[in-house]
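In what follows, a single structure is set out as structure tokens and then discussed.
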Number of protein chains: 2
Amino acid sequence: MASLQEVAQRAKVSIATVSRVLNKSDKVVPETRAIVEQALRELGYRPSRVARRLRMKDGRAHLVGLIIPDIQNPFYAEIARGVEDAAYAAEYALLLCNSDENPEKERFYLDVMLSESVDGIVLPPFDDTDAAVIEMAATGMPVVCVDRSMAKLKTDLVEVDNHRGAFEAVSHLLDKGHKHIGLIEGRSQVSTSRERRRGYLDALAERGITVRKELMRAGDFKQESGRILANELLALRKPPTALFVCNNLMTVGALATIHQRGLRVPQDVAIVGFDDLPWAEALDPPLTVVRQPAYEVGRQAMELLLKRIMDPDRAPVTVRLLPELVTRSST
Amino acid sequence: MASLQEVAQRAKVSIATVSRVLNKSDKVVPETRAIVEQALRELGYRPSRVARRLRMKDGRAHLVGLIIPDIQNPFYAEIARGVEDAAYAAEYALLLCNSDENPEKERFYLDVMLSESVDGIVLPPFDDTDAAVIEMAATGMPVVCVDRSMAKLKTDLVEVDNHRGAFEAVSHLLDKGHKHIGLIEGRSQVSTSRERRRGYLDALAERGITVRKELMRAGDFKQESGRILANELLALRKPPTALFVCNNLMTVGALATIHQRGLRVPQDVAIVGFDDLPWAEALDPPLTVVRQPAYEVGRQAMELLLKRIMDPDRAPVTVRLLPELVTRSST
DNA sequence: GACATGACTGAAATCGATTACATGGATTTC
DNA sequence: GAAATCCATGTAATCGATTTCAGTCATGTC
């Protein structure tokens, strides 16, 4: 509430001096400093980040934006925690937004962030060619992509080796003797989807298994589509004996279908999901999954962002983290 | 990037006129308006929310804060979605922070929000007497409490009837014939904990069941404490045959203990949790829980906040929503 | 003792918007 | 036809900070 003006009046100095005391910069004679600090305390002064941000150009707002599809998805919640913890450690605040995989919402929030003069933005782009993100980067705003990469845009990026994760998951199913493995993947415009599909195909190819096209279905990353697609797959005349589902929500959906059809896991159908869940252990059955180090993805993304804010001209970096197959009882 | 100044220059008018065009206020002659709009478009002008916020006093920042203990807790994630959706609908952006049930973090973020001149704040207070929240409200900042209430502070509040939820949960266990029901509750400085405990005690009293003090344990809402306390309870010489666990994370923890001890649910021990989980259905076994309308809590809190921003002098309102016992297979 | 040096501090510009007030030309009114 | 009125627009103050530049006073140097 109290402004620099008021503090200056009370301390009988100019606002410049108060500002200097606050920024611990320059030399203010100890007596003056004491008087000012006294006034500061008495008035319970708090600087206005808004005024400060208006004056200072670029990179000192101590505010960054994070746009994720859905905070209710544990994978993104974990990323968000990683970003937030790293931000908090550096005393940055976080503007968090849910895009719902909806380009319009994404655009709205990107506008807000530009308009709020955030120091930088972390986000998984909507798809390969996300125009809004390209424009944003073109303004010079620091952008760090997480999880998903973009074809035409060179930014800092923290991603997971999706091909490897998928390859291991499918190989694991093959090891268990499965020959008909259903794939439930996400939107194909998203880099992770393509990499996981590639991993699936490569694992089959390595063992010389013929691909059955009808076993591959594309969903939209949401629970409902997992439910529906699993149902389609299991209703085939020659249904798969195992399912590889490419994200957490769709896996939960697929599991619902399996239960509903009264199938036993893994005897009747085995299932491997992508993304771990905090309660995967407590599920029926405990789920075998490809675990992504989501917290770490978020944390490192924020650190990259901080580095870029400090030095906007550094060359973009790609950090590629390793997923891990966590074997439980669903396979 | 482009400022009013630049637009004004290009359109050969004053910044006041550009501002008028933007705010659709006053009368600007159509020709002038057209010229300005042209310039606006050509320069891809975006207003600075920062400058705007600095100039305008109170309630027009179109920015609100939300502080929750942990976004990775599905209950709070659901509240957050409710708040966010309502905020987005009103074109408000959201500053989201995790306090980790840590008063220092809470204070840091409250400072940020004051300093960012947000229009208002939604939060579940740390406890009954949360000093930081009291100070915040004292500055005149609109505050809406969710989930938890505060003893000494009269604010808008959206809560759930915790007593009733607990009462129904425990009555349900009693209906099933249980006489020794363990209680795992949260921090007792939090209003919800006390209300749920009261519900537990009242339900027992109604059936004339003697309370066994050693069956009541207080945790900290986190998974680990659920695990530990359940273990303590089940290790008693005369262990409970049913558990009532007062939040979602502790329930998952308790379930882990139960599985680890090789107990069957509900034959060896029944369990009812507070808070539903999106995958409660898929758990082993599907969990009986008291479902809180968390999304609705968040949504209504945001609407109350909007009303208060519009009219700071209206009398504080308390909205009390009803929980619902969802019976699945763990009881 | 005059002048250069340096250490503090203050005055004022600045960031990008909103808005009260001033201005000036056209129109109305008597 | 002069005064009053009105309308569109411009000028300038303002929000609360940071920062440049200038000013003041004491000290050091010869």
Side-chain angles (χ1 to χ4, degrees), chain A residues 1-37 39-40 43-63 111-119 139, chain B residues 1-37 39-40 43-63 111-119 139:
Chain A
M1 297 264 17
S3 69
L4 264 199
Q5 195 67 246
E6 302 171 54
V7 175
Q9 261 160 23
R10 178 178 264 259
K12 299 198 210 308
V13 296
S14 73
I15 57 171
T17 301
V18 181
S19 176
R20 286 194 263 261
V21 169
L22 285 170
N23 297 315
K24 309 200 187 307
S25 71
D26 289 285
K27 321 101 198 272
V28 178
V29 98
E31 303 160 33
T32 315
R33 154 160 280 135
I35 297 176
V36 171
E37 281 173 345
L40 245 19
L43 289 172
Y45 171 81
R46 285 170 216 281
S48 159
R49 291 169 60 104
V50 179
R52 168 171 241 277
R53 184 137 92 254
L54 179 58
R55 184 70 196 346
M56 317 237 273
K57 285 294 83 175
D58 286 350
R60 316 229 252 140
H62 271 233
L63 179 66
D111 265 8
V112 168
M113 291 184 178
L114 204 53
S115 176
E116 282 286 350
S117 305
V118 299
D119 292 329
T139 68
Chain B
M1 295 268 15
S3 70
L4 264 199
Q5 196 67 247
E6 303 170 55
V7 176
Q9 261 158 25
R10 178 177 266 259
K12 299 198 210 306
V13 297
S14 74
I15 57 172
T17 300
V18 181
S19 176
R20 288 189 188 107
V21 169
L22 286 170
N23 297 314
K24 311 204 186 303
S25 70
D26 290 283
K27 320 101 198 273
V28 178
V29 98
E31 303 159 33
T32 316
R33 154 160 281 135
I35 297 176
V36 171
E37 282 173 344
L40 245 19
L43 290 172
Y45 171 81
R46 285 170 216 280
S48 160
R49 291 169 61 104
V50 179
R52 168 170 242 276
R53 184 138 93 254
L54 180 59
R55 185 68 196 345
M56 317 239 272
K57 284 294 83 175
D58 286 350
R60 318 229 250 139
H62 271 232
L63 178 67
D111 265 9
V112 168
M113 290 182 180
L114 204 54
S115 177
E116 282 287 350
S117 304
V118 300
D119 292 330
T139 67

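Small disclaimer: the values here were computed from a predicted structure and weren't measured. Order of the sequence lines fixes the chain letters, A, B, ..., with proteins taken first and strands second; residue numbering starts at 1 for each chain.
Checking D:dG10, D:dT18, C:dG10 against every side-chain atom of B:A16, the shortest atom distance belongs to D:dG10. With distances taken from any side-chain atom of B:V29 to the nucleotides D:dA8, D:dA17, C:dG16, the minimum falls on D:dA8.
Separating the CZ atom of B:R53 from the P atom of D:dA17 is a distance of 14 Å, rounded to the nearest angstrom. As a whole-Å value, the separation of B:L22 CG from C:dT18 P is 7 Å. Atom-to-atom, CD1 of A:I35 to C1' of C:dT9 comes out at 13 Å; the value is rounded to the nearest Å. Atom P of nucleotide D:dC7 and atom CD of B:E31 are separated by 17 Å, given to the nearest angstrom. As rounded to whole Å, 11 Å separates atom C1' of D:dT14 from atom CD1 of B:I15. Between B:R52 atom CZ and D:dG16 atom P the separation is 17 Å, expressed in whole Å. D:dA13 atom P lies 15 Å from atom CD of A:Q5, rounded to whole Å. The distance from atom CD of A:E116 to atom C1' of C:dC15 is 15 Å, rounded to the nearest whole Å.
Across the interface with DNA chain C, nearest-nucleotide mapping of B:L54 and B:R60 shows B:L54 to be the residue nearer the 5′ end. Positionally, the nearest nucleotide of DNA chain D for B:T32 lies more toward the 5' end than for the other of B:T32 and B:M56. Comparing B:V13 and A:R46 by the nucleotide of DNA chain D that holds the closest heavy atom to each, the one mapping nearer the 5' end is B:V13.
Screening B:D119, B:V118, B:L63 for a side chain to side chain contact (heavy atoms under 4.5 Å, CB included) with B:R53, the sole residue that qualifies is B:L63.
For D:dT14, its base sits under 3.5 Å from the side chain of B:R55 at one donor and acceptor pair at least. At a cut-off of 3.5 angstrom, counting only N and O atoms as typed in the model, there is a donor on one side and an acceptor on the other between the side-chain of B:R20 and the base of D:dG10.
Residues satisfying the side-chain hydrogen bond (donor to acceptor under 3.5 Å, both in side chains) test with A:R55, not counting sequence neighbours, are none.
Look at B:T17 and you won't find any side-chain N or O under 4.0 angstrom from OP1 or OP2 of D:dA8. OP1 or OP2 of D:dT18 lies within a sub-4.0 Å distance of a side-chain N or O belonging to A:S19. A:S48 has no side-chain polar atom (N or O) that falls below the 4.0 Å cut-off from OP1 or OP2 of D:dG16.
Across every non-hydrogen atom of A:K57 and A:R60, the tightest pair is O-CG, 4.4 Å. What you find for A:V18 and A:A8 is that their closest heavy atoms are CG2-CA, 3.7 Å. Between A:P47 and B:S115, the shortest heavy-atom distance links the atoms O-OG, 2.8 Å.
Within 4.0 Å (heavy atoms only), A:V50 reaches no atom of the nucleic acid at all.
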